[in-house]
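Quick note on labels: first sequence line is chain A, next is B, and so on, each numbered from 1.
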2 protein chains.
Amino acid sequence: MVEHIPSFEKLVNELNKLPSIGPKTAQRLGYHILRSPQNYVSNLREALQQVAQRVRQCSKCFCYTEEPDLCHYCTDSSRDQHQICIVEDPEDIAPIDASRAFRGIYHVLHGTIAPLEGRGPNDIKVRELIERIDMGLNNPDLKINEVILALDADLEGDTTVLYLTKALQNKDTLISRIAHGVPIGGDIDYIDKRTLGRALENRVSL
Amino acid sequence: MVEHIPSFEKLVNELNKLPSIGPKTAQRLGYHILRSPQNYVSNLREALQQVAQRVRQCSKCFCYTEEPDLCHYCTDSSRDQHQICIVEDPEDIAPIDASRAFRGIYHVLHGTIAPLEGRGPNDIKVRELIERIDMGLNNPDLKINEVILALDADLEGDTTVLYLTKALQNKDTLISRIAHGVPIGGDIDYIDKRTLGRALENRVSL
């Protein structure tokens, strides 16, 4: 049926390019859109256009924002502007902020160092991070006292942590990494052995 | 984070209205769209607009089509134009056509009779079906020899089958319903008892 309706086939193909949307789901979404009132399609089209036109990266921390220059984190004077949390992707910011355990500002790397995939430090926002920290060396207003690395505990995350730890040495800033261990509410007998190993290694004295 | 980017929030809300797209998936799709090249967004917007502008219902069988009047099924002279398969939704046509066991034409009811949800025969394309069959009574070119009901075997499907069987009596046409039973390749010990009951009732003599 789809192959007889070119515009429908095109829509299903475009939807199929989205993550976790397979051909079957794309077709189901397409039929739903066909059945939707005309104003749903115009609302969705307008939302897509506005996102494409308005959303950009903050020139300081590289998170997504609609502000012309700096995002609302970087201009929020109630936040500790001397403490930076380093994340891989913009979507990592929301859960960290929701934890309410961090009230500093962010730096989005937009990726990790992954030699196996041919991605080096120059392919992510590492140079921009070092410049941010360097600027604070002679200017107390911009001084970065602590850099918290909130990266995944996988091969790429560990490689990136190693690289940054070396690159930020002698920059007069504390460097820390978020703790990896047993999740709150997690059952010890269901936790994988690598996580449990890390939890034991990084045990906290009471 | 989302609440600080109005256009992004709007896009996520619109995506969240699609079936099987929860708030988490909507957000993930939104971030993916933000990271996509600009031409993905324009392609998707164009596809949405074309579908909304071009796709309409066939004036005879009510399946979706881009043709100005009749769909390609209703104008295909290689198909048996005297045999109609009745389906609930346009998306039911593709799998039936793919079975290659049917080479007639279709009639899409766009729903079922569901008294519990307040949906009667006048809310779906029943009148149009009866008109199609009536037109053939005095015109051999339009004569409908068989009506095959390909509706689900649930309460609404059964109600609709009952209603149509009665409404199409004395219309000089065969009325049949697709067989419900154990699927090909299905394990008898895994099949629910209602399906198995139906399979035994409708056993085929060899």
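- Residue A:Thr25 touches chain B through its side chain alone, counting heavy-atom pairs closer than 4.5 Å.
- Among the candidates B:Asp89, B:Asp97, B:Val41, B:Leu34, the residue making the largest number of heavy-atom pairs closer than 4.5 Å to chain A is B:Leu34.
- Of the two parts of A:Leu15, the backbone and the side chain both hold a non-hydrogen atom closer than 4.5 Å to a non-hydrogen atom of chain B.
- Counting only distance, with no hydrogens or angles, the side chain of B:Glu66 and the backbone of A:Ser7 share a donor-acceptor pair below 3.5 Å.
- Classification of the A:His4-B:Tyr73 ring pair by plane angle, with boundaries at 30° and 60°, yields perpendicular.
- Of the possible polar contacts, none joining the A:Glu14 side chain to the B:Asn43 backbone as a donor-acceptor pair under 3.5 Å is found.
- In this structure, chain B has no heavy atom under 4.5 Å from any part of A:Glu67.
- Considering only heavy-atom pairs separated by less than 4.5 Å from chain A, the leading option among B:Arg54, B:His32, B:Gln50 is B:His32.
- At a 4.5 Å heavy-atom cutoff, the contact between A:Ile33 and chain B is made by side-chain atoms alone.
- Between A:Leu29 atom CG and B:Ser20 atom OG the span is 5.5 Å, to the nearest 0.5 Å.
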Should A:Arg28 and B:Glu91 be marked as a salt bridge (Lys or Arg N to Asp or Glu O under 4.0 Å) after you check the CA-CA gap, both sets of side-chain angles, and the distance that decides it?
CA-CA 8 Å; A:Arg28 197 150 44 94; B:Glu91 45 263 61; over 6 Å; no
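- Residue A:Leu18 holds its CG atom at 7.0 Å from OG of B:Ser36, rounded to the nearest 0.5 Å.
- Taking chain A as the reference chain and counting heavy-atom pairs below 4.5 Å, the highest number among B:Ile21, B:Asn13, B:Leu44 is found for B:Leu44.
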